[in-house]
Amino acid sequence: MNDARRPDSRVAGEFVASPNHGERRGFHRPDAVILHYTGMPTGAQALAWLCDPASEVSSHYFVWEDGRVVQLVAEDRRAWHAGRGVWKGERDLNSASIGVEIVNPGHSGSEDDPPPFPDAQVDAVIALLTDVAARHRIAPERILAHSDIAPDRKRDPGERFPWDALWRGGIGHWAAPAALAPGRRLRRGDEGPPVRAVQTMLALYGYGLGVTGVYDAPTRDVVAAFQRHFRPARVDGEADGSTIETLRALLAGLEKA
Ligand SMILES: [Zn+2]
């Protein structure tokens, strides 16, 4: 049902009110954006779910495949999309962020090959985030994937999401992924200073990862999340040379900023 209120973003065509929101705690304005795919067979099902009080989930914005943008929750309210997660030590990411649900069935259909995101939809995400980031002065490196903040349980918006296209559109933080090449890979069971070095870099970038020196399951999950976002050519949770080089380039880009 259409609410009478006007969307906060000029990019959103309508406001369809979800009842699922609360007060932001400790943040009076968002300083991050978290991107999701809806992960359901159709957009209509996802929209109904996000507006159902029984679901206790929501997002601020919802982007259809054809580029139409709907607002569900006011930007000054805390929408319920992030769940348990951490980024840069912050755990209440719902309070810290704007949540954007992008219609795509994701990994729920054909397990390892989610369908591509149509250009019109990607263009709409770029337009929306350009507006949101400018109004709230959100830094490029704080445009995140749900999988970045919850690598142990989330894969969205997935390795098919075109972060490189967002970057060309002026959105997000990016470094050209280093080419895949043969060579040593760190993987489950490895230990020692090289593992510690990778964990240190990932934690410095923002991932919630303990620096233990042991390539444990959390390390594999965070490396896979990193690959999904920044080096999607191979998402296997193993820290190969290309993954580490791409991570280094991203960190170097932050230092320059
Ligand atoms: Zn999500």
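In each ligand, atom 1 is the first atom listed, and ligand 1 is the first ligand listed. Values in this document were obtained by computation on a predicted structure and should not be read as measured data. We number each residue from 1, following the sequence as shown.
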Next item on the list: Classify the ring geometry between Tyr207 and Trp87 as parallel (under 30°), tilted (30 to 60°) or perpendicular (over 60°).
Entry: perpendicular
Notebook entry, point to check: What pairs with Gln121 under side chain to side chain donor-acceptor pair (under 3.5 Å), at least two apart in sequence or on another chain?
Noted result: none
Check: According to the interplanar angle, ranging from 0 to 90°, do the rings of His36 and His81 count as parallel (below 30°), tilted (30 to 60°) or perpendicular (above 60°)?
Finding: perpendicular
Note to self: Hydrogens and angles aside, do Gln199 and Thr219 bring a side-chain donor and acceptor to less than 3.5 Å of each other?
What the structure shows: yes
Notebook entry, point to check: Listing residue and atom name, which protein N/O/S atoms are closer to the Zn ion (ligand 1) than 2.8 Å?
Noted result: His36 ND1, His146 ND1, Asp156 OD2
Check: Would you say the side-chain atoms of Ser95 and Asp92 include a donor-acceptor pair closer than 3.5 Å?
Finding: yes
Next item on the list: For the residue pair Trp64 and Phe62, categorise the inter-ring angle as parallel (less than 30°), tilted (30 to 60°) or perpendicular (more than 60°).
Entry: perpendicular
